[in-house]
Chemist: 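Sharing a structure here in structure tokens format.
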Amino acid sequence: MLAVLRRLVLAESPSFEKSAADRCCRLLEAEWRKRGARVERLAQKSRGAHLRITWWPRKSRPAGQLLVLGHYDTVYSTGTLARMPFRVTAGKAYGPGVFDMKAGIVQALFAFSALKNSAALLRKRLVFLWTSDEEIGSESSRKFIESEARRSDAVFVLEPSLGPRGLLKTARKGVGEAEIIVHGRASHAGLAPEEGINAVHELARQITRIEKWSDPRRGITINADIIEGGARTNVIAESASAILDLRALHSADMRRIENRLHALRPALPGARLEVRGGFNRAPLERKFSAALFARAKLLAAQMGLLLGECVAGGGSDGNLAAALGISTLDGLGAVGDGAHSAHEHILINTMPARAALLAALLATI
Ligand SMILES: [Zn+2]
């Protein structure tokens, strides 16, 4: 497993660099073919190709489909390996994308191999989908994810688990981005202040209003993280804008926030508001993961492992599947820490058990 992981990490695969991503994709493709899987490469114009891998035992007739989902792109640009090399120390493997989520893909590869070689009686067709643009919003892969998820009875997502105990992610917040643009009227701040409509003042009022919608206990957070406005100190600001980060744990809250945003009205006479954007990933609500998690916990217990769960504040492609109402279990990937950072690593000796857990889920659902 470590040897395959090393090869995958050495093939740097930043989402924005098509040729590098394609190189990593070809390597991945070869690993699956070598083990007897049917691999389809879904080439993309400006991104790395996505890989769709299908398998079921020859003799059986599959009654349904299970989808295993992950991404091979990373947030590290080419050349990162020079200062962040693949290395193994004290039971940990380090390197760009090792935790998020190349080790997860390796675990899935070995789970597949084990199932194939053990002639386990699979009831369902297995589809593995490895995409190239999750870290930048899944624009080119979304349609493939959604169409495979729709055909599936359950979706397993190989995103990293959380913490040293490897908690699975049974709920994820929905994530969105919205922009508020205020149109005011410029005027000389000294000679004719009464003729101006101050867009910055209007925006400040709107932000104060929106800030109160946050409810961390319900999993709702709204943050104005980028603001812009005005041109000179002696000119009343003609325009101003804010970009908001939106998060919610429940679909109903997500819709409520969107409605409230679009219903905002200006506080200052004459000011005009424009609201753009909204949620782009709906929440992964726990009701869509509960049954699968219970099964995973039981299977893990049979292997002598205690399996825990957590809520993740960020979204993944698991959100896309769950939003379609499909049972989805996320965080089934590697155990480690430091995703998207210089100390990103995995705990090597957890890999076989996590692969076995995935294999057991695929064989029994
Ligand atoms: Zn990831």
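Read the numbers this way: they start at 1 and go in the same order the structure lists the ligands and their atoms.
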Chemist: Under 2.8 Å from the Zn ion (ligand 1), how many protein N/O/S atoms do you get? Just the number, please.
Modeler: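 Considering protein N, O and S only, the Zn ion (ligand 1) has 4 within range.
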
Chemist: In terms of hydrophobic clustering (I, L, V, M, F, W, Y; side-chain heavy atoms under 4.5 Å; direct or indirect links), are Ile53 and Val127 co-clustered?
Modeler: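 No: no chain of side-chain contacts under 4.5 Å links Ile53 to Val127.
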
Chemist: Between Glu309 and Lys169, does any NZ, NE, NH1 or NH2 come within less than 4.0 Å of an OD or OE carboxylate oxygen?
Modeler: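 So Lys169 does not pair with Glu309 through a salt bridge.
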
Chemist: Before accepting this row, confirm whether a basic side-chain N of the pair Arg26/Glu29 lies closer than 4.0 Å to the acidic partner's carboxylate O.
Modeler: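 Here Arg26 does not pair with Glu29 in a salt bridge, since their nearest N and O are not under 4.0 Å apart.
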
Chemist: Would you tabulate the side-chain donor-acceptor contacts of residues 330-341 under 3.5 Å, counting partners in other chains and residues two or more places apart, or write 'none'?
Modeler:
| from | atom 1 | to | atom 2 | distance (Å) |
| --- | --- | --- | --- | --- |
| Asp330 | OD1 | Arg172 | NH2 | 3.4 |
| Asp330 | OD2 | Arg172 | NE | 2.6 |
| Asp330 | OD2 | Arg172 | NH2 | 3.4 |
| Asp330 | OD2 | Ser316 | OG | 2.6 |
| His340 | NE2 | Asp100 | OD2 | 2.8 |
| His340 | NE2 | Glu135 | OE1 | 3.3 |
| His340 | NE2 | Glu135 | OE2 | 3.1 |
| Ser341 | OG | Gly338 | O | 2.8 |
| Ser341 | OG | His343 | N | 3.3 |
| Ser341 | OG | His343 | ND1 | 3.0 |

Chemist: Going by an N to O cut-off under 4.0 Å, is there a salt bridge joining Arg185 and Glu195?
Modeler: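 Looking at Glu195 together with Arg185, the answer is no, because their closest N to O distance does not fall below 4.0 Å.
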
Chemist: Give a yes or no on whether a salt bridge exists between Glu202 and Arg205, defined as a side-chain N under 4.0 angstrom from a carboxylate O.
Modeler: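 Answer for the salt bridge query: no.
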
